[in-house]
Protein chains: 2
Amino acid sequence: MPVTKDVLLLQVITHNRMTDKKEKILIAALKLFANEGYNATSTSKIAKEAGVSEGLIFRHFGNKEGLRDAILLDGEEKARIFFADIIFETDPQELIRKFLNLSRKVAEDQEVSDFWKLQYKLKWELEVYGEHKMEPLEHALSVAFSKMGYPEPALEARLLLINLDGIATRYFLQKNFDLDAVISFMHTKYKL
Amino acid sequence: MPVTKDVLLLQVITHNRMTDKKEKILIAALKLFANEGYNATSTSKIAKEAGVSEGLIFRHFGNKEGLRDAILLDGEEKARIFFADIIFETDPQELIRKFLNLSRKVAEDQEVSDFWKLQYKLKWELEVYGEHKMEPLEHALSVAFSKMGYPEPALEARLLLINLDGIATRYFLQKNFDLDAVISFMHTKYKL
DNA sequence: GTTTTTTATGTGAGTGCTTACTTATTTATA
DNA sequence: TATAAATAAGTAAGCACTCACATAAAAAAC
């Protein structure tokens, strides 16, 4: 069975249900990890924020690392959904355009913004990049650049993704970063 | 008195001297903060790594934050020195070439690598970008692009610096990142 | 359909250990 | 000998995690 957009969406709809309190722990941990960092957030703090006994964290997730991994696993799914619309675009120009619009889409929604901030924060705190998450996107970009006649589509795709990491760094950390100026400049560079 | 390369270098040579053990603490803390993170590194660990009693850290730096700030302050100076050779280059093509060579220079020296890794790690842990550190470099790049006839030199410079942040993210976090492939591709893109 | 048994969910007071930091005392240097 | 540098041995607070126990929900037995 081939992987399609519908299959990706289905995987989220059929996601295993969980208890109210378990979900509250996940939401509280996501918020605290994103704002204070993983190591700086204690399990007692998470329990307090979630309105739950501390022991329940360990009942559901085994240990603190288990809670972290549960959040990361959930994140992989969210990321795939977030990229699905780009990956299955057939027109190359439109694909690049949609890709460049990613950061604007992130900036528009506070919850989405927090999610990606956490992803980058954890990357640096745990020192794992998780390149497999970006691989389908890189491949789709590479195909698009190839269709558009670029001489080095694979490298062109990689460089564009590296650029996205740079933009994320600035957007989340530099207080007066002018996102629109940079994105529209990139539009002209790629002749869109 | 105008700021020149010599003035920048002088500031390091005349830098206040410090005791052996104080410097050992700074070196150990830099290494541990860079590789394990600020919150994940205990003062006792630093003392052990430096071969020094734990109390000495607090005698010299007051508290853990004081040690962190001392490292960051030292870092601003190191960053200026590191960029000086690029900023005072007059030939635009050579300036861009030297800039693109920065990451290779970082990769060559473990201590320099630790230093820049720490800078980025702390950026994310403390959520401050410190754009003023990069401003002279951005200005120099902008002038170079202007000399080379680029229509939007300021934006071109900013995009190149953003790219550097992306490259740093990959270089420090993605285990199999091919730095040389990306850098040499950028050389061709800028026709160097 | 009610009782009994089993399982899943949840609690809060502990556990030993580590943390950042202090203080009293000794060692080196000028 | 006076002052600064360094140490060893603390301290209270906070950490991740455990455990005996309570309750609620589901399954099984009658």
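Values reported hereafter were calculated over all heavy atoms of this structure, with side chains retained and with hydrogens, waters and symmetry mates removed. Lettering follows sequence order; numbering is per chain, from 1. All values reported here derive from a predicted model rather than from experimental measurement.
- Distance NZ (Lys24(A)) to P (dT9(C)): 16 Å, rounded to an integer number of Å.
- The side chain of Ser53(B) sits closest to dT7(D) out of dT11(C), dC21(C), dT7(D).
- Computed from coordinates, the Asp20(B) CG to dA6(D) P distance equals 8 Å when rounded to whole Å.
- The distance from atom CD of Glu54(A) to atom P of dC21(D) is 21 Å, rounded to the nearest whole Å.
- Rounded to an integer number of Å, the gap from CG of Leu56(A) to C1' of dT18(D) is 14 Å.
- Using a 4.0 Å cut-off between a side-chain N of Lys or Arg and a carboxylate O of Asp or Glu, Asp85(A) and Lys98(A) qualify as a salt bridge.
- Taking a cutoff of 4.0 Å between a charged side-chain nitrogen and a carboxylate oxygen, Lys189(B) and Glu156(A) qualify as a salt bridge.
- A salt bridge does not link Arg97(B) with Glu89(B): none of the charged nitrogens is closer than 4.0 Å to a carboxylate oxygen.
- Residues from residues 37-49 of chain B with heavy atoms under 4.0 angstrom of DNA chain D: there are none.
- Judged purely by distance below 3.5 Å, without hydrogens or angles, the side chains of Asn35(B) and Lys117(B) pair a donor atom with an acceptor atom.
- Between Arg158(B) and Glu138(B), at least one side-chain N (NZ, or NE/NH1/NH2) sits under 4.0 Å from a carboxylate O, which counts as a salt bridge.
- Side chain of Ser113(A) to main chain of Asp109(A): no donor-acceptor pair is present (N/O by atom type, distance under 3.5 Å, no hydrogens or angles).
- Of the residues in residues 57-65 of chain B, those with a non-hydrogen atom less than 4.0 angstrom from any atom of DNA chain D are Arg59(B), His60(B).
- Tyr120(A) and Trp124(B) have parallel rings, their planes meeting at less than 30° on a 0 to 90° scale where 60° marks the start of perpendicular.
- Under a 4.0 Å N-O distance rule, the pair Glu127(B)/Lys175(A) does not qualify as a salt bridge.
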